[in-house]
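A quick note: this is a predicted structure, and the numbers were derived from the prediction, not measured.
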Amino acid sequence: MSNNPKNLFELQGVSCSFGSLKVIDNLDFGIERGKTTVIIGPSGCGKTVLLKHLIMLIRPSRGKVFFDGKRIDQFNERKLIEMRRRCGFLFQAGALFDSQTVAYNVSFPLYQHTNYSQEQIDDIVREKLEMVGLPGLEDRFPSQLSGGQQKRIALARAISLNPEVVLYDEPTTGLDPIRADTINELILKLQKQLKITSIAVTHDMQSAYKIADRIVMFNHGRVIVDGTADEIRNSADPKVQQFIQGRSEELGNK
């Protein structure tokens, strides 16, 4: 069993290597229920790999991973599918089916994981599109939508099964500041409205400061700072200041 009942996810001594490259290094880490945790850090530091460990798209080279008190790194695929039904995932590029309508994209998890009638599915699609502020777009195709609209459709799909947790991989990448803030507002709205646990990986510090209850910075597969937005802004660690200010010197040289 995991040690802290407040944590929905917990990693104990987790390491992950690809050949000789160690991406996560003996990590002890928890994600608190009902909170928004934002993970920042330079490219290649293990942020997205961490997300994939949380839903067992990658199994750890060493260590234990818990979800809701149960050790999931030992689950077989059937148990993992049951566990993943409780999670939504917003992919960095949206990952919509270009040849399918908005309605099909949003309803895809419902067809895969439920026995709902078509009428029930249509009602859920309508509800989720309203939640992300895009009602009435069921018959559109992704090519007919802006980048921001595509992200919101992908978010509607991520919440179609009413998940307990949503994982966001670079949710504002490729969006202008106004559309990025629309996504930030949606993340806040859904966290409050659905009482979900949110985990976001981002390089966008404006987004991080806005949505986070807690910000965790990774470097070389380890946590180097963990705190509130104000604590991150005021960190005395030069690596943290270098990253959040976007200075071009190589991290790790100082």
Side-chain angles (χ1 to χ4, degrees), residues 8-9 31-43 45 47-48 50-52 54-55 87-96 102 105-106 127-137 142 145-218 223 225-235 240-241 243-246:
L8 183 59
F9 287 99
I31 299 289
E32 190 172 347
R33 299 172 190 271
K35 302 290 187 181
T36 298
T37 300
V38 173
I39 302 167
I40 63 172
S43 297
C45 72
K47 303 183 302 297
T48 298
L50 173 64
L51 288 189
K52 291 179 178 179
L54 295 178
I55 54 175
C87 306
F89 201 110
L90 180 64
F91 296 92
Q92 182 173 333
L96 297 177
V102 164
N105 272 281
V106 176
E127 174 194 5
K128 302 311 178 187
L129 289 177
E130 288 175 357
M131 289 184 75
V132 300
L134 294 174
L137 297 189
L145 306 175
S146 70
Q149 288 175 324
Q150 289 181 26
K151 285 267 187 170
R152 288 153 72 185
I153 296 302
L155 184 52
R157 179 180 61 192
I159 61 172
S160 63
L161 290 171
N162 294 324
E164 298 168 44
V165 56
V166 176
L167 297 86
Y168 302 89
D169 191 8
E170 299 286 0
T172 60
T173 291
L175 302 179
D176 66 59
I178 294 174
R179 287 173 176 80
D181 197 54
T182 299
I183 297 297
N184 293 332
E185 290 289 345
L186 275 172
I187 292 172
L188 290 170
K189 172 186 173 183
L190 295 174
Q191 197 265 342
K192 293 173 183 174
Q193 190 169 339
L194 302 178
K195 309 299 183 187
I196 60 176
T197 301
S198 301
I199 308 163
V201 161
T202 187
H203 289 99
D204 181 348
M205 291 310 302
Q206 187 169 347
S207 173
Y209 291 144
K210 180 161 187 172
I211 68 175
D213 295 304
R214 169 196 183 197
I215 299 177
V216 180
M217 182 169 173
F218 272 69
V223 174
V225 67
D226 183 346
T228 64
D230 284 340
E231 288 169 338
I232 300 300
R233 284 192 190 98
N234 298 320
S235 172
V240 176
Q241 289 301 322
F243 181 82
I244 66 177
Q245 293 175 29

With a 3.5 Å distance limit and no angle check, can you tell me whether [X] reaches the backbone of [Y] through a side-chain donor-acceptor pair?
{"X": "Arg152", "Y": "Ile183", "result": "no"}
{"X": "Lys47", "Y": "Pro42", "result": "yes"}
{"X": "Gln191", "Y": "Thr197", "result": "no"}
{"X": "Ser235", "Y": "Glu231", "result": "no"}
{"X": "Gln150", "Y": "Pro142", "result": "yes"}
{"X": "Lys151", "Y": "Pro171", "result": "yes"}
{"X": "Gln193", "Y": "Leu190", "result": "no"}
{"X": "Arg214", "Y": "Gly227", "result": "no"}

Shortest non-hydrogen contact from [X] toward [Y]:
{"X": "Thr172", "Y": "Ser207", "result": "CG2-OG, 4.0 Å"}
{"X": "Ser160", "Y": "Arg157", "result": "OG-O, 2.9 Å"}
{"X": "Pro163", "Y": "Ala158", "result": "CG-O, 3.5 Å"}
{"X": "Leu96", "Y": "Ile153", "result": "CD2-CG2, 4.0 Å"}
{"X": "Val38", "Y": "Ala208", "result": "CG1-CB, 3.7 Å"}
{"X": "Met131", "Y": "Ile159", "result": "SD-CD1, 4.3 Å"}

Supply the atom-to-atom distance [X] [atom1] to [Y] [atom2], rounded to the nearest 0.5 angstrom.
{"X": "Asp213", "Y": "Thr37", "atom1": "CG", "atom2": "OG1", "result": "7.0 Å"}
{"X": "Asp181", "Y": "Leu188", "atom1": "CG", "atom2": "CG", "result": "9.0 Å"}
{"X": "Asn184", "Y": "Arg179", "atom1": "CG", "atom2": "CZ", "result": "14.0 Å"}
{"X": "Phe9", "Y": "Ile55", "atom1": "CZ", "atom2": "CD1", "result": "7.5 Å"}
{"X": "Ile232", "Y": "Met205", "atom1": "CD1", "atom2": "CE", "result": "7.0 Å"}
{"X": "Leu8", "Y": "Ile199", "atom1": "CG", "atom2": "CD1", "result": "7.0 Å"}

Less than 4.5 Å apart, any side-chain heavy atom of [X] and any of [Y]?
{"X": "Leu50", "Y": "Val201", "value": "no"}
{"X": "Thr173", "Y": "Thr202", "value": "no"}
{"X": "Tyr168", "Y": "Leu155", "value": "yes"}
{"X": "Phe89", "Y": "Val165", "value": "no"}

Heavy atoms from other residues, nucleotides or ligands near [atom1] of [X] exceed 12 (cutoff 6.0 Å):
{"X": "Lys192", "atom1": "NZ", "answer": "no"}
{"X": "Lys52", "atom1": "NZ", "answer": "no"}
{"X": "Gln206", "atom1": "CD", "answer": "no"}

**Request:** Give the intermediate values and the outcome of side-chain contact (heavy atoms from CB on, under 4.5 Å) for residues Ile215 and Thr228.
**Result:** CA-CA 6 Å; Ile215 299 177; Thr228 64; over 6 Å; no

**Request:** May I ask you to decide whether Lys210 forms a salt bridge with Glu185, counting only side-chain N to carboxylate O separations under 4.0 Å?
**Result:** yes

**Verdict with reasoning, Phe218 to Val223, per side-chain contact (heavy atoms from CB on, under 4.5 Å)** = CA-CA 5 Å; Phe218 272 69; Val223 174; 3.9 Å; yes

